[in-house]
Amino acid sequence: MTVARDELRHLQAALDRLPLRTREAIVLRRIHGLSRAEIAHRMGINEISVSRYLSRAICALADTLHGEPSNIRRKT
Amino acid sequence: MSQFGERWDDNAPLPAIDMCAANYVERRDSSDWTDKDEAELEAWLGEAIAHRVAFLRLNSSWRRTERLVALRPPEHEIDVSRTRAGGRNYLKIAAGFGLFLALGGFLATYLSAPRAETYSTPVGGREILTLRDGSRIELNTDTSVRVSLNAQQRAIAVEKGEIYFQIHHDPARPFVVAAQGHRVIDLGTEFSLRVERLGVKVALLEGRVRFDPDNLATPKMLTPGDVLIASADSVSVKKEPLSAVLESLAWRRGMLVFHETTLADAAAEFNRYNQTRILIQDPLAARETINGTLPINNLAEFVRMAKNLFGLRAQNREDEILLTR
């Protein structure tokens, strides 16, 4: 139970870090369960833009949840 | 290499493979996904290992977000500006019980009375606070602040650590941040402030702030990209590209970004986030520089990097890891 609550808090913090429109799109989709067309209508944009925001949200959430892969080099 | 900016902006471009994979992940989960789409996805996954890796990674985090449905409000009211539970509902309940007037009276007294609350994070911690005025402050590792909001002023005293501010501007109620005797006065803005032993560092991302130094010297007006460093007796301002300011805020997503950073400085920065300290014992390696990103809380990753790039060996002690030749 605590684990589930921690996970939810973790997800919520990840959501809070998203840029505004990206966050709006993912909240409408994941929390309110709206379809792409409904989100497009509500946000006043077309479905392709909705897809783009959702894809962006998925990438950013994956970075927050899994951690970004490290990527480090020595100066050459 | 402004990775931060790329991922954390509504419009900036993302790596094509990630965008493509994310698009499949999202479409596959909706009702209009067809067998033909599935075949197309299979073909795309077969094209390259990188496609498969990106898809699996993004798909698994997408699955985890299913839990978010628990945040859905009980009534048919959509408010995307806040996902946090509570707030509004308390108000409704209060009204329902006819307590509204009483609450109003209480609120008036409450708002005008100075009342400070202290918030802090442990080493390695990170916390976002949403203040009653809608401002957001994000505390980095080992940070402590005192917040007092009243009808005339909003004041934050930073005792130690680093904070990212997103201030809800209100000309009638200035937002003042105090640290080591210096004061930062918000004029509608996003900025970060870091308190170190030898001084205070303020980096402005958006809007404007006024900086009043402790020694009563002339105030400085900062514009986006300005990075100010103030010690007890001197203040300097340097203009940086916004991407550099964003990179210095990579801690908000759990990462550290290094640019031509010496291994010694990188270890010092890393040590802010971890109880176990890393000490570079080899003086030559300590002066070598690195570029790139590392996860903040991952000691093993730092040690692996030192081993792979500089051939250093790790010696584990109780509270420290010595890196030697």
Side-chain angles (χ1 to χ4, degrees), chain A residues 3-39 42-43 45 47-76, chain B residues 3 7-11 14-15 18-23 25-27 30-32 57-62 64-73 78 80-81 83-84 126-128 130 136 138 252-255 258 260 266 288-295 297-298 301-302 304-305 309-310:
Chain A
V3 175
R5 242 198 340 260
D6 279 355
E7 168 82 353
L8 196 59
R9 224 181 29 219
H10 196 55
L11 282 167
Q12 205 169 307
L15 269 190
D16 283 346
R17 293 195 159 84
L18 295 178
L20 217 60
R21 299 288 274 172
T22 303
R23 179 161 179 271
E24 189 177 355
I26 194 85
V27 165
L28 290 172
R29 173 70 193 268
R30 258 334 194 194
I31 301 185
H32 300 282
L34 301 192
S35 72
R36 225 175 295 134
E38 288 166 323
I39 299 172
R42 198 174 276 273
M43 288 179 68
I45 54 180
E47 288 190 37
I48 294 172
S49 303
V50 172
S51 278
R52 216 167 10 236
Y53 283 130
L54 290 174
S55 297
R56 202 171 276 285
I58 292 170
C59 290
L61 289 174
D63 282 354
T64 314
L65 297 175
H66 297 305
E68 279 170 58
S70 65
N71 157 35
I72 197 115
R73 330 170 272 294
R74 183 178 181 170
K75 192 191 173 187
T76 44
Chain B
Q3 287 193 359
R7 293 234 154 165
W8 298 83
D9 180 287
D10 271 332
N11 298 305
L14 284 177
D18 277 358
M19 272 312 257
C20 201
N23 190 256
V25 166
E26 185 268 320
R27 278 173 45 216
S30 52
S31 53
D32 53 7
R57 176 168 178 273
L58 298 178
N59 197 50
S60 95
S61 68
W62 179 244
R64 280 173 67 182
T65 64
E66 268 163 16
R67 288 178 192 273
L68 282 171
V69 76
L71 297 175
R72 185 184 300 188
I78 295 188
V80 291
S81 65
T83 39
R84 295 193 189 290
R126 212 163 76 219
E127 200 74 56
I128 298 182
T130 304
R136 282 204 323 192
E138 197 166 339
R252 297 183 57 220
R253 58 190 168 112
M255 300 298 284
F258 301 114
E260 310 281 297
E288 295 265 16
T289 56
I290 52 171
N291 285 300
T293 52
L294 273 180
N297 297 102
N298 196 334
E301 190 71 31
F302 193 99
R304 194 170 324 133
M305 177 273 291
L309 298 184
F310 302 103

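In what follows, chains are A, B, ... by sequence order, proteins preceding strands, each numbered from 1.
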- Contact summary for B/Gly292 and A/Arg73, nearest pair of heavy atoms: CA-NH1, 4.3 Å

- Honestly, the part of A/Arg52 sitting under 4.5 Å from a heavy atom of chain B is both

- Is there a side-chain contact (heavy atoms from CB on, under 4.5 Å) between A/Asp16 and B/Arg136 once you walk through the steps? CA-CA 10 Å; A/Asp16 283 346; B/Arg136 282 204 323 192; 3.6 Å; yes

- Message: Ignoring hydrogens, what is the shortest heavy-atom contact between A/Arg30 and B/Trp62? Give both atom names and the distance.
- Response: NH2-O, 2.9 Å

- Query: If we only count heavy atoms from C-beta on, is the B/Arg57 to A/Ile58 side-chain gap below 4.5 Å?
  - Reply: no

- Among B/Cys20, B/Ser60, B/Ala21, B/Gly254, single out the residue with the greatest number of heavy-atom pairs under 4.5 Å to chain A. B/Ser60

- Note on the structure: Answer key: most heavy-atom pairs under 4.5 Å with chain A among B/Asn298, B/Val25, B/Leu58, B/Asn297 is B/Leu58

- Given that the side chain runs from C-beta out, which part of B/Glu138 has a heavy atom under 4.5 Å from chain A: side chain, backbone, both or neither? side chain

- Item | B/Asp18/A/Arg56 salt bridge by N-O under 4.0 Å criterion | no

- Note on the structure: Between B/Met19 and A/Cys59, the two heavy atoms sitting closest are N-SG, 4.4 Å

- Message: Tell me the closest heavy-atom pair linking B/Leu68 and A/Leu11, and the distance in Å.
- Response: CD2-CB, 3.9 Å

- Which pair of non-hydrogen atoms, one from B/Leu309 and one from A/Arg74, has the smallest distance, and what is that distance? O-NH1, 2.7 Å

- Among B/Arg27, B/Met305, B/Arg64, which residue forms the greatest number of heavy-atom pairs with chain A at distances under 4.5 Å? B/Arg64

- Item | Main-chain N/O of B/Ser30 paired to A/Arg36 side chain as donor or acceptor, under 3.5 Å | no

- Where does A/Leu20 contact chain B at under 4.5 Å (heavy atoms): side chain, backbone, both or neither? both

